[in-house]
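Comments concern the structure below.
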Amino acid sequence: MKVASVLIPLPVPEAFDYEVPEAFDVARGDQVAVPLGPRLIRGIVAEARETTGSNRRLKAIDHVLDDPRLPERTVDFVEWAARWTLSAPGEMASAALKGLRAPRPRPERRVRRVGDRSPARPTAARTAVLEALGQRSMPGPDLARAANVSSGVVKGLLDEGVLEAIEIEAIAAFDAPDPDHAPATLNPDQAAAADAIGAAAAEGGFKPFLLDGVTGSGKTEAYLEAAARALRADPAAQVLILLPEIALTQALIERISHRFGAAPAEWHSGVAPPRRRQVWEAVQAGRCNIVVGARSALFLPYVNLKLIVVDEEHDGSFKQEEGLVYHGRDLAVARARIEGATVVLASATPSLETLWNAHQGRYRWLKLGARHGAAVLPDIKLLDLRENAPDPQTWLSQPLREAIGETLLKREQTLLFLNRRGYAPVVLCRVCGHRMTAPDTDSWLVEHRYTGRLVCHLTGFSMLRPKACPSCGAEDSLVSVGPGVERVEEEVRNLFPEARTAVFSSDTVPDGKSARALIQSMADGEIDILVATQAAAKGHNFPLLTLVGVVDADLGLRGGDLRAAERTFQLLTQATGRAGRADKPGRAILQTWTPEHPVLQALAAGDRDAFVEAEMAEREAASLPPYGRLAALILSGENAQAVEKVARELAEAIPNAERLEVYGPADAPLALVRGRRRKRLLVRADRDVDLQGFLRVWLSRVKVPASVRLNVDVDPYSFL
Ligand code: ADP
């Protein structure tokens with residue numbers, strides 16, 4: 001008898017076995033319909049094998065779906081990713097089918113003549129239609145316009161059977177990129193990097209690289225040249241470039257179109273589903289060479305993947321926290337290993353994990369020197385707020401105000417960076433001290449002035465700003481505490497009413513289109529002062545920007561989780577790196593209450609190595625990543641007792657293990673979200689411990705009731 005293991009999109013730990021009817025021929029990667037209870041559901045064949053009879057009666061595969069087979073290595077990848085993240089393999093597999101589930105683009109409707117049929121009453125209008133059409137096919141409205149008649153005339157001819165309606169399928173054509181279309185002349189560092197990566201990708205085999213160079217040193221230029229070499233060696237080669245933010249894709253797509261004379265495919269949640277289906281099919285059929293996308297593009301069914309680039313590899317946005325929990329950068333390295341491909345992690349501020357791998361010699365370390373051409377790194381100055389405190393209820397110190405004024409006079413641009421959305425992060429009652437909090441979540445409400453609402457940034461809950469304090473009832477007693485970008489913009493408008501000022505945050509630019517428009521008007525010099533959250537700190541090129549002011553350089557340092565210092569260093573390096581990219585020198589001013597902080601000292605000195613060395617030493621002393629590994633278990637549920645019970649059972653079921661500790665269970669820092677109680681456990685293990693194996697044994701010992709959710713987060717980035 002033939003049996004197939006089938007991955008089905010359910011939270012179950014293994015594939016289900018089904019009998020394969022004699023007439024069917026199935027292999028790994030085939031899509032099949034299988035019975036599950038009373039329903040038929042879509043599954044992916046993980047394995048088909050002969051058995052000599054089974055003592056269980058298996059249900060049979062219902063039929064093989066007329067959909068493309070997933071490439072074998074794509075199945076290898078989803079199975080590996082599921083094991084690594086402790087996710088259900090069927091759910092991981094369904095991430096690889098996302099594009100296929102979307103509807104096809106609507107076919108185009110056209111009309112054409114039926115044989116030589118003529119109208120019974122050939123009016124002038126009807127004759128004009130038939131003459132305009134000739135033997136071609138045309139969309140009905142175009143035909144009416146061409147013949148200068150109303151659409152009713154065309155419809156009349158359709159009704160009479162003189163014309164017929166036809167549909168034409170749209171197949172997406174991805175023009176082949178031309179590696180020699182518009183190559184850049186690389187400087188020696190760039191050429192050496194492009195050579196090394198390009199040769200590796202052309203040769204094949206798993207080869208990981210760290211491409212390390214300051215913002216503007218030409219990392220993009222170098223990896224595009226490497227892609228060109230891979231394409232010269234094999235015109236069917238596929239190249240995947242991952243970016244952390246959708247807002248960055250457009251600029252790269254334009255650069256690639258310019259460099260290769262053909263637009264790459266774009267893949268992220270902002271791409272319309274019918275288009276995603278076209279990309280999926282083209283990637284699976286090998287009709288598409290270059291894909292630019294967000295982390296989910298890792299799950300596309302590549303057939304000849306030669307090169308993966310993870311640009312801004314240090315960026316926390318590569319970690320997906322909802323649904324399937326995975327780190328896009330880590331899975332990119334795994335995918336490259338499975339595909340036998342080259343992977344490039346590019347950054348001006350690599351993550352400590354990646355630096356560690358480079359130090360160990362696991363990744364080949366390519367360094368790019370100074371900025372390309374005349375551009376030099378900005379001069380960074382720490383501004384001690386203890387000596388230059390801003391006036392009450394303002395946030396910009398006198399020296400920063402003066403610098404903005406000077407920049408305006410020179411007709412250059414200023415970026416004021418504050419990583420806080422809205423107007424004020426806290427609203428409280430001046431009479432009773434009540435803080436405005438969300439009703440069902442442990443978070444303070446953030447005031448947004450544009451909309452007049454108080455918003456929970458965690459859940460999206462919002463309410464109108466009340467007139468009276470909900471706690472003591474005092475009228476007009478609520479005060480806004482602290483600044484967000486909207487409040488800094490208000491201050492800037494008061495100080496420089498003649499300047500053209502704008503705010504860049506996920507509230508003012510909610511989608512890719514508005515982000516592109518704002519980035520373009522900044523690049524065109526139509527904005528003098530841009531007040532921005534981290535959304536604008538990354539990757540963009542603003543030639544006239546010469547001053548970056550960091551409103552609160554201490555902000556990220558206060559959080560105190562594992563990566564607080566690392567993240568702050570990276571973010572502020574990115575933000576200050578925006579200044580002076582073209583021929584004009586730039587400067588950055590960081591407002592701080594703690595200028596002696598090592599992170600800020602390293603930033604001001606432009607000494608990344610000093611920062612990395614100090615931070616690595618701390619991590620090593622505590623055996624924390626990258627010297628050790630972490631995993632978090634997060635329990636949540638509406639019933640506090642049920643959550644408590646599972647937490648207790650987990651604590652009692654911890655398997656014996658050496659060089660591994662379990663902390664908790666404890667209330668999560670966010671102990672209540674959307675009415676659900678949350679508890680956390682944290683596992684720390686030495687690097688050589690089989691952490692996933694430990695977790696599998698542990699979790700198999702505890703039965704979690706349906707009312708409680710257990711999320712496993714391997715290598716967690718959020719500790720909330
Ligand atoms: P990074 O990716 O390291 O931030 P980019 O590749 O975006 O750097 O380069 C920064 C700027 O310098 C871009 O405008 C790019 O076009 C330009 N540039 C870099 N290298 C070259 C080169 N070899 N020839 C021409 N322009 C270059």
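Whatever order the structure lists them in is the order used to number ligands and atoms, beginning at 1. Worth saying up front: this structure is predicted, and the values here are computed from it rather than measured.
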* To do: Could you tell me whether the side chains of T501 and E489 share a donor-acceptor contact shorter than 3.5 Å?
  => no
* Ion pair present between E312 and K219, side-chain N to carboxylate O less than 4.0 angstrom? -> no
* Asked: For ligand 1, which atoms have a heavy atom of T185 less than 4.0 angstrom away?
  -> 22 (C), 23 (N), 24 (N)
* Which of parallel (below 30°), tilted (30 to 60°) and perpendicular (above 60°) describes F299 and F77? -> tilted
* To do: Using a strict cut-off of 4.0 Å, indicate which atoms of ligand 1 neighbour a heavy atom of V214.
  => 3 (O)
* Pair listing, ring-ring contact (aromatic ring centres under 6.0 Å, His included) test, anchored in residues 174-212, at least two apart -> none
* Asked: Can you find an N/O atom of R255 closer than 3.5 Å to an N/O atom of ligand 1?
  -> yes
* To do: Taking only heavy atoms of S217 into account, list the atoms of ligand 1 that are under 4.0 Å away from them.
  => 3 (O), 8 (O)
* Could you tell me which atoms of ligand 1, counted from 1 in the order shown, lie closer than 4.0 angstrom to a heavy atom of G218? => 1 (P), 3 (O), 5 (P), 6 (O), 8 (O), 9 (O), 19 (C)
* Sidechain N-carboxylate O distance under 4.0 Å for R232, E225 -> yes
